[in-house]
2 protein chains.
Amino acid sequence: MKQTGDLNLVKKINKSIVLDRIRHDSPVSRARLAELTGLTKATVSSLVGELIESGLVDEIGAGESSGGRKPVMLLFNGTAGYAVGIDLGVDYILGVLTDLNGVIVEQHTMKHSNASVDAVIGDVIHSIRELIGRAPQSTYGIVGIGIGIPGISDEQGNVLFAPNLGWENVPLQQRIESELGIPVVIDNEANAGAVGEQQFDAGVGQNASYLVYVSIGSGIGTGIIIRGELFRGSSGFSGELGHVTIEQNGKPCRCGSSGCWELYASESALLEKARAVLPEDDVDIEALLRRAGDGDKRVIELFEQLGRSLGVGLVNIINAFNPELIVIGGRLAEAESWMLGPLTEVMERRSMPFPRAKLRVQFSGLGMKSTVLGACSLAIAKFFASTKVSVEG
Amino acid sequence: MKQTGDLNLVKKINKSIVLDRIRHDSPVSRARLAELTGLTKATVSSLVGELIESGLVDEIGAGESSGGRKPVMLLFNGTAGYAVGIDLGVDYILGVLTDLNGVIVEQHTMKHSNASVDAVIGDVIHSIRELIGRAPQSTYGIVGIGIGIPGISDEQGNVLFAPNLGWENVPLQQRIESELGIPVVIDNEANAGAVGEQQFDAGVGQNASYLVYVSIGSGIGTGIIIRGELFRGSSGFSGELGHVTIEQNGKPCRCGSSGCWELYASESALLEKARAVLPEDDVDIEALLRRAGDGDKRVIELFEQLGRSLGVGLVNIINAFNPELIVIGGRLAEAESWMLGPLTEVMERRSMPFPRAKLRVQFSGLGMKSTVLGACSLAIAKFFASTKVSVEG
DNA sequence: CTAAGTTTGTTTAATGAATTTACAAAGTCG
DNA sequence: CGACTTTGTAAATTCATTAAACAAACTTAG
């Protein structure tokens, strides 16, 4: 049954439009909001009144006059609540506490040994409790928890499959919600990263409605934003672009296929190639980055080669999704200076002029924090989408 | 400026919900509509009244009682208006006239020589005029014209690029609208095909919200439906999946890349391979289909090989878009019986269990008519989306 | 054949969110 | 200082939905 229209819906739509505008254009006056949104001054006045009542918006006094009465400036009250973001890695847990503006207030990192599903969940909960404990007092308290995982999940927050953790069908959301009594959102690590880059000032994808985030780790993960929203596919399994074939008779991949992109353009691919050139001891990412930084020609050539392989896959992304922005993240993003040139060269040679015309390719602006911040952002978005705030005030 | 909410919007939403339900569940009573939509009986009554007033809905008398007063059954009046659909090919124009239900009423085919842009547009207009001339009298007359083109277009209906026609920046929509004074929609041939398969009873994709239509012609075109809507990418250039690389150092392609899927899995690829095996005279699609039908092993092997190459690209589609349905269309769809086996074998071997679980792969249900019917459907959808019908009545 | 119960669809009054119009307050500027 | 602007609120109006009541039409049990 489709969502029907009624007065409640109207108010919800308008209130969320007004709140969004205040969030992104603070400080702003009621009169200006009326102009920006197309609503009448009276409507804006009334909605702003309720938002102030609910603690999400504050008046911060008069602004500059433009030839008449001074406007009363409004500010989004980012400290009306806090959210927890978790980046659940294969051997680490990175957690942050942010206010509703996404400003990081507290941080917590720990290793986990992946001994068992229960042990990991215990560690995650411990990490969250730690952060919650340090949260300042606020009107709404902890509004939600977002968790980025190295695997795929469904809408109910079940981890369907996370090969690198060895997880299958783990009801992660439900377990953490019942333990802590706070709304939880689960999403793929790359999806969260995409949201992070799109939503945060420090990210490179603000205002991008069509964005693909490519996370280079031991494999390649991708998060896809279409029309400003995460694209999840028909069963939550979209964007396994790391397993797009770029060499139909290439190396076999653990996914069952062969010649997958990630076999040529991931950390693993880099390390494999490095082993042929360097002493075993120097074959890890840190060391390679250091050597390249010191000007080691052999290592720089490895990164350039990786850049070219990345380029081949990026062209596939362009042809499939026609995004306005591709963001490259993960630890290897640090190798930007050596990869960008070859990558761009391959991309320009192999792609068609049209989709390329309006395309930007950038390396992550948030670095290792894109996933954890994106997770926070998902939690905050869920909070604002819940009717509690939007309508009932 | 985002769309704000007001009473007009509410009515538009509800009216279109009610009309959609009548369109798809005819015959249906007001009481049943109230149940189906979640609106109250009073609201449904009022909206249905206006729809009857506007000629789009008819009362067709009493239905079966279910233990009380007999319901008055409502029927969508498909003949309240007509739409023209055009499939503009490289050397032909296929046109149909359908009623608002998408039932074909008239048909018109012609060859065109592609002498010049103006000549082709002249032929298209001639074809449309011919069909309009044969349209029955109706309340709304010709509500719109949809045109599927072998190239890409923008939202204003400009043909940006159509290599096989040799067109660049042709304002097709504007030219036809100013000539005929009827709303025109332009879209890619494969996009139209996808809509056709999704919207029509005879298509295989009814109710599919995540569908990829693969049109095999001299190249490969694809139309992608996400959340029930055509996906166009950030600049109208999505879904050039024919140019996804499946062999990074493969044959060079006219697109600038090399190893593109369509070099291995299109009509051209088939014909090229056939030339190595058969006398030159027998190398055309019709002949190959005939020979395969006669049991020619060498030709059947060619089709099987094509099926395998198709499979490789389909796996890429699955990993990228995670659709619930892939529809294979174009003339080569006739070779289903020889291609399906090898195609499925490759697909199952190379794809991951998860996205494959809920996936169907089917050959076109509309055959050569998917594009032309999809084009009609786009025109009809535009008509219903226009406020004229939806609100002002 | 009648009385009771059901189902359908309309009517009427109430609700509530946005709009329109008017206006007061607080500025600027010559 | 007075004319003009701009900001924000208030009151009256509009209008689509809902809720409740009801009339009409029908079935079914006895």
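The sequence lines fix the lettering, A, B, ..., with proteins before strands; numbering per chain opens at 1.
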To the nearest 0.5 Å, tell me how far I22(A) CD1 sits from R30(A) CZ. 8.5 Å
Which part of the nucleic acid does V44(B) contact within heavy-atom distance under 4.0 Å: base, sugar-phosphate only, or nothing?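 Since no nucleic acid heavy atom lies under 4.0 Å of V44(B), the category is nothing.
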Once base and sugar-phosphate atoms are separated, protein heavy atoms under 4.0 Å mark nucleotides 18-30 of chain C, 5' to 3', with B, S and - as SBB----BBBS--
What integer distance in Å separates [X]:[atom1] from [N]:[atom2]?
X      : N       : atom1 : atom2 : answer
N8(A)  : dA17(C) : CG    : P     : 7 Å
L33(A) : dT6(D)  : CG    : P     : 17 Å
L74(B) : dT8(C)  : CG    : P     : 12 Å
L36(B) : dG9(C)  : CG    : P     : 13 Å
E64(A) : dT5(D)  : CD    : P     : 20 Å
M73(A) : dT6(D)  : CE    : P     : 16 Å
K12(B) : dT17(D) : NZ    : P     : 14 Å

Quick check on side chain to side chain contact (heavy atoms under 4.5 Å, CB included): which of N158(A), I186(A), I147(A), N191(A) does S153(A) satisfy it with? I186(A)
Please table the atom pairs, donor to acceptor, closer than 3.5 Å between any side-chain atom in residues 68-79 of chain B and protein atoms at least two apart or in another chain.
| residue | atom | partner | partner atom | Å |
| --- | --- | --- | --- | --- |
| N77(B) | OD1 | T79(B) | N | 3.3 |
| N77(B) | OD1 | T79(B) | OG1 | 3.0 |
| N77(B) | ND2 | G55(B) | O | 3.0 |

Within the structure provided, determine whether [X] and [Y] are in side-chain contact (heavy-atom separation under 4.5 Å).
X       : Y       : result
F231(A) : F231(B) : no
I182(B) : I132(B) : yes
K11(A)  : E50(A)  : yes

